[in-house]
2 protein chains.
Amino acid sequence: MDKKTAQRSKHVRGTLNTSRIMEAASELFYLNGYQNTSMDDVAASLSVTKPALYYHFKSKEAILLACVQDAFDRFQGLMQAQALSAASGRDRLCVFLKNYLVITTGNFGISLVLSEPHVLSPEGRKLYVRYRNSINRQLMQILTQGISDGSVRTGDPTLTSYAIFGMFNWAAKWSPDKPEISNDEIFEHFMSVILSGIDGDTRPEQEGPKSGAAP
Amino acid sequence: MDKKTAQRSKHVRGTLNTSRIMEAASELFYLNGYQNTSMDDVAASLSVTKPALYYHFKSKEAILLACVQDAFDRFQGLMQAQALSAASGRDRLCVFLKNYLVITTGNFGISLVLSEPHVLSPEGRKLYVRYRNSINRQLMQILTQGISDGSVRTGDPTLTSYAIFGMFNWAAKWSPDKPEISNDEIFEHFMSVILSGIDGDTRPEQEGPKSGAAP
DNA sequence: ATCAAAACTTACCGATTGGTAGAATGCTGT
DNA sequence: ACAGCATTCTACCAATCGGTAAGTTTTGAT
């Protein structure tokens with residue numbers, strides 16, 4: 001019945017399939033960028049040759065879009081796993097951003113965040129923009145709800161969403177280079193900035209010892 | 001004879017020179033991305049042929065780096081034009097970010113912000129990273145001063161600088177697609193988020209007339 | 001064992017593109 | 001007019017890369 005046939009060489013712990021190709025490709029995409037990663041690179045990292053990839057994917061772009069879709073689906077899965085429709089906008093924002101950070105700092109997530117629409121075909125771009133717009137709309141809706149229920153205080157939710165996405169999308173870019181900074185640290189700090197700001201003259205009751213902030 | 005005299009932004013219509021090449025190239029870079037812009041594209045947009053560009057620049061990368069350097073120099077010029085060493089960290093932060101936004105949403109600035117180190121040669125990457133690090137250090141220093149003088153309240157200035165750069169660098173990316181949003185709007189809104197945050201439950205005593213009664 | 005489909009390889013194509021050689025044209029001072 | 005340099009053009013190369021054709025090996029059902 002089941003034959004794992006692990007008599008292959010190398011660290012190949014399985015047969016070639018779409019998942020393994022996506023993992024290898026996304027790893028290279030996030031290390032070197034999509035355009036700087038050739039199909040030969042992907043193939044070599046899997047110890048196969050290029051046409052083997054084309055047996056499983058019809059194009060290089062198809063691999064990228066599969067990664068995008070996978071990251072998007074995982075994100076939606078995380079969001080649905082935490083049904084918080086009754087919570088305040090601000091609390092939903094926290095959950096949303098936590099999930100967003102988890103996804104976008106993962107390997108597949110970088111494809112979802114950092115793909116340049118320029119490099120995609122018209123159809124691919126359409127799909128990509130659809131995913132991004134869906135996520136954008138969710139954040140907008142959360143912010144709008146927060147404004148309604150009073151848990152969020154901001155002017156234009158559109159500009160606010162841009163500011164928030166900027167912080168987190170950029171984090172997806174540098175976080176691979178800063179493994180010493182954990183996702184939890186990033187999340188806590190960014191949420192603090194987003195929620196409380198950094199102005200030192202307005203002092204909310206968050207008074208603490210002025211201990212040297214260990215620069 | 002002239003090795004560093006390239007900062008004249010005169011748009012002499014008619015004669016080809018380094019400035020006009022940089023303008024045309026950066027326009028295409030920010031529209032289509034560096035890698036998706038061929039030297040033939042740049043040449044065509046100037047109604048010349050490719051070798052004409054290579055008479056003025058030794059490589060495609062040299063054009064990009066010239067744009068980066070120009071944007072950096074303009075930024076430094078703006079900063080020095082407003083000597084605020086006596087001001088509080090928070091006020092210097094405002095000036096810094098205003099100037100940063102002006103530069104990075106300009107044509108040349110996009111090269112300074114969005115260039116991917118992958119695409120650069122080792123020497124080019126070194127130069128690019130030096131410019132970026134210089135700017136990063138300035139923001140870090142401003143934040144640190146703000147923490148010292150009490151005008152800024154934040155934990156790790158490094159993470160805070162990442163958050164801030166994320167917002168603004170990302171803005172450089174989408175702002176060309178949203179011409180209806182002015183730089184002033186972006187600046188005011190982002191500064192509001194950075195300084196005050198968006199939490200509706202904590203009421204900083206910034207004389208806010210009660211907005212949205214709490215449930 | 002047999003055979004067909006699945007999975008993968010070798011070898012190649014065609015288009016793009018950064019960059020160059022060398023000829024042609026323009027410009028400037030004398 | 002002419003020398004001589006500056007500038008731009010025509011024509012081309014070499015490398016890269018996405019993708020394919022066609023053949024070969026592996027797998028699995030019968």
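Predicted, not measured: the structure shown is a model, and the values here were computed from it. In what follows, every chain begins at residue 1, and chains take the letters A, B, ... in the order their sequences are listed.
Residue V48(B) has its side chain nearest to dC9(D) when only dT7(D), dA7(C), dC9(D) are considered.
Atom-to-atom, CZ of F57(B) to P of dT20(C) comes out at 15 Å; the value is rounded to the nearest Å. Taking atom OH of residue Y55(A) and atom P of nucleotide dA7(C), one finds them 4 Å apart after rounding to whole Å. L16(A) places its CG atom 15 Å from the C1' atom of dT25(D), with the value rounded to the nearest Å. When rounded to the nearest whole Å, the span between CG of L53(A) and C1' of dA7(C) equals 12 Å.
Under 3.5 Å, the side chains of S151(A) and D149(A) contain a donor-acceptor pair of N or O atoms.
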Each nucleotide N or O in nucleotides 16-18 of chain C that has a protein N or O under 3.5 Å away: list the pair and distance.
unit_1	atom_1	unit_2	atom_2	d
dG18(C)	OP1	K60(B)	NZ	2.9
dG18(C)	OP2	M39(B)	N	2.8
dG18(C)	N7	K50(B)	NZ	3.0

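Every residue meeting the ring pair (Phe, Tyr, Trp, His ring centres under 6.0 Å) condition with Y131(B), not counting sequence neighbours, appears here in chain and number order: F72(B). For F165(B), the ring pair (Phe, Tyr, Trp, His ring centres under 6.0 Å) partners at least two apart in sequence or on another chain are Y100(B). Under the ring pair (Phe, Tyr, Trp, His ring centres under 6.0 Å) criterion, Y162(B) pairs with W174(A), sequence neighbours left out.
For dT8(D), the OP1/OP2 oxygens have a side-chain nitrogen or oxygen of H56(B) closer than 4.0 Å.
Remark: K60(B) fails to qualify as a cation-pi partner of Y54(B) under the 6.0 Å distance and 45° angle criteria applied to the six-membered ring.
Listed by first and then second residue, the salt bridge (Lys or Arg N to Asp or Glu O under 4.0 Å) pairs involving residues 99-116 of chain B are K173(A)-E116(B) (not counting sequence neighbours).
With hydrogens and angles disregarded, a donor-acceptor distance shorter than 3.5 Å links the side chain of D41(A) to the backbone of S38(A).
Ring centroids of F75(A) and F96(A) are separated by less than 6.0 Å, placing the two rings close together.
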### Task
Indicate for each nucleotide in nucleotides 21-28 of chain C, in 5' to 3' sequence, whether protein heavy atoms under 4.0 Å reach the base (B), only the sugar-phosphate (S), or nothing (-).
B-------
